[in-house]
Q: 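I am attaching a structure below and will ask some questions about it afterwards.
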Amino acid sequence: MSPEELYAATTRANMLNLEVYYYWATAIMILIHAGFLMYEMGASRVKHVLASGTKNILAFAFMIPTFFMFGWWIYLAMTNGFIPDWEAGAGGVPWGDAMGPNLADNATGVFWGAFTLFACTTASIMSGSVIERIRMASFIVLAVLLGSVVWNLSASWGWHYAGWMVTSWGYHDMGASGVVHMISGFFALGVLINLGPRVGKYNPDGSANHIRGHSLPMTATGLMLIVVGFFGFLGACLIFPGTELSWSATQWANIYGQPTTLSAICFNTLMAVAGGIIGCYAMTRDPFWMMSGALCGVISAAAGLDLWYPGLSFCVAFAGGIIGPLSARILERMGIDDAVGAVSVHGTCGIWGLLAVGIFMGGYPPPGEGIPAITFMGQFKGMIVMFLLGFIPGYVVSWVFNKLGVLRASEPVQEAGMDKEVNAVAYPEEIKSIH
Amino acid sequence: MINSSPVEAWEGAAAIFTFAGTGGASFWFWIMCLLCLVPLYVSLRAENAVEKEHNGK
């Protein structure tokens, strides 16, 4: 075999390995959705359980075709801001040769699949915060807007080697603290402001009641499944080496082209999960928040997972485990009824994740010529963009739905249970909500 | 902003984590160890309070 033939055979083998890698990462990411499903159903009262579950599964189902219709194209084409790059977007046109079985293209389908699952994750994040009172059709439209439009814009701007936030500010968000978590968290906040609290959440004097879900064990198990799914999610944030699509012939790279390893992600993800759980436990001693602490931790460390010293990843995550529940308390006092703390876990911890990179990661070489290095101001400006890009569409569209009277279920329906609207009973053996 | 990078270029780089090869890594290692003690203290305090409440001690 000549050296050229050997090179071609190796590159081809690497391409098949790339396909296998992202295929299974996508499958593992579905566990995030299974986890959110259990988490939200467990956090719902008995009379709302199946409405919460149905909503969650429909978000997953709607995200897939809409990501095929326009989501993938938006990611590829919108790196400059709001003006499309038609040439770059050509690979994502849904009737193009790349967007279906193609023997000359082993990559597009698995990349599309992985990104579709990222989109499903964003929709699931919003879904938990609005349980027990949002109406189904409005929720589905909001979920599609978040997962197949808004998230794609944020990823195109800040999670793409040619994204304007990367090329202008050196924005670094390897594991998506901003582009997934902040976007979803603050989109949810915009929706929650218009949606209002669940019936019975607040007393006439403004004090808040703690509404308990019907199954904390189900919620805790769901959260552990999300943690498993995160290994697929974060693994899929890396670029496989040794193919014509890769940054390097011999080494993994992050989405910006800087070299890294799967070992780096393994070290820092596990340390962040632990730091977040322990931080939240120390702060609250509440099993619900302790498990949410795993998410607080991973989200806080996510932006820098490729570069943290594992001990520092633990400390950043521990701080996230304190920040998450603190933020939730403040929001509750402000009259925002976030049923699962998604705004705090994803939005507030996402802010901390971006800023932590800005504080601790000075001096790293940029990914390429003409691209700025990581700076605090770059991360800070990126954080502002992520906040606005998430919050404004969520607020505006839910405001319109609210004015049209299609956002929120009426008080009698909430009191009877949202399961009346899906015409199903979760527990036929007469297990009833106590309030 | 803290300059924590152990490398000036990606070519030929080995340990690239924050504070690699400096005292900064040991500093954060010991902070991590201390943070692990916090929940032990919190649990002990809470469990002692419950014991006291139920045993009248």
Side-chain angles (χ1 to χ4, degrees), chain A residues 247-248 251 253-254 256-261 263-264 267-268 271 274-275 277-286 290 293 304-319 321-322 355-368 373-380, chain B:
Chain A
W247 286 104
S248 160
Q251 189 56 279
N254 64 22
Y256 311 113
Q258 290 157 314
T260 187
T261 60
S263 281
F267 266 129
N268 286 326
M271 291 297 250
I277 290 174
I278 293 173
C280 253
Y281 175 78
M283 174 75 185
T284 66
R285 292 195 311 103
D286 174 339
M290 181 194 69
L305 280 178
D306 51 337
L307 294 172
W308 292 122
Y309 166 58
L312 183 49
S313 174
F314 179 95
C315 295
V316 166
F318 187 100
I322 307 279
L355 296 184
V357 164
I359 294 167
F360 290 111
M361 287 188 179
Y364 277 94
I374 300 168
T375 61
F376 180 79
M377 279 316 291
Q379 294 297 107
F380 182 80
Chain B
M1 184 178 196
I2 300 165
N3 188 339
S4 64
S5 172
V7 295
E8 289 178 359
W10 296 112
E11 291 75 28
I16 56 168
F17 59 82
T18 47
F19 304 107
T22 71
S26 337
F27 172 79
W28 288 109
F29 172 81
W30 288 111
I31 295 289
M32 175 184 73
C33 296
L34 281 176
L35 290 178
C36 284
L37 299 178
V38 175
L40 301 184
Y41 170 72
V42 169
S43 329
L44 269 179
R45 237 179 63 162
E47 284 166 359
N48 284 343
V50 173
E51 290 286 339
K52 204 171 161 184
E53 189 186 324
H54 287 268
N55 295 319
K57 290 175 191 170

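Source: prediction; values computed, not measured. We name chains A, B, ... by the order of the sequence lines, and we start the count at 1 in each one.
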Q: Identify which part of A/Phe318 has an atom lying under 4.5 Å from any heavy atom of chain B, answering side chain, backbone, both or neither.
A: side chain

Q: Any idea which of A/Thr261, A/Asp306, A/Thr260, A/Ile374 has the most non-hydrogen atom pairs under 4.5 angstrom with chain B?
A: A/Ile374

Q: I'd like a table of donor-acceptor pairs (distance under 3.5 Å, sequence neighbours excluded) in which one partner is a side-chain atom from residues 10-24 of chain B, with atom names and distances.
A:
| residue | atom | partner | partner atom | Å |
| --- | --- | --- | --- | --- |
| B/Trp10 | NE1 | A/Pro365 | O | 3.1 |
| B/Trp10 | NE1 | A/Pro366 | O | 3.3 |
| B/Thr18 | OG1 | A/Tyr309 | N | 2.8 |
| B/Thr22 | OG1 | B/Phe19 | O | 2.8 |
| B/Thr22 | OG1 | B/Gly24 | N | 3.1 |

Q: Looking only at heavy atoms, what is the nearest atom pair of A/Phe314 and B/Met32, with distance?
A: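 That would be CD2-CG, 3.4 Å.
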
Q: Counting only heavy atoms closer than 4.5 Å, note whether A/Met283 contacts chain B via side chain, backbone, both or neither.
A: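 The answer is neither part of A/Met283.
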
Q: Which pair of non-hydrogen atoms, one from B/Leu35 and one from A/Cys315, has the smallest distance, and what is that distance?
A: CD1-SG, 3.9 Å

Q: Relative to chain B, which segment of A/Val316 carries a heavy atom at a distance below 4.5 Å: side chain, backbone, both, or neither?
A: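 It is neither, since no heavy atom gets under 4.5 Å.
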
Q: Let me check something: any side-chain donor-acceptor pairs from residues 38-50 of chain B under 3.5 Å, sequence neighbours excluded? List them with distances.
A:
| residue | atom | partner | partner atom | Å |
| --- | --- | --- | --- | --- |
| B/Ser43 | OG | A/Tyr281 | OH | 3.1 |
| B/Ser43 | OG | B/Pro39 | O | 2.6 |
| B/Asn48 | ND2 | B/Leu44 | O | 3.3 |

Q: Among the options A/Phe267, A/Phe360, A/Phe376, A/Trp308, pick out the one with the most heavy-atom pairs lying under 4.5 Å from chain B.
A: A/Phe360

Q: Report which part of A/Asn268 has an atom under 4.5 Å of a heavy atom belonging to chain B: side chain, backbone, both, or neither.
A: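 It is neither, since no heavy atom gets under 4.5 Å.
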
Q: So which heavy atom on B/Ser4 is nearest to which on A/Met361, and how close?
A: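 Shortest heavy-atom separation between B/Ser4 and A/Met361 comes out as OG-CA, 3.7 Å.
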
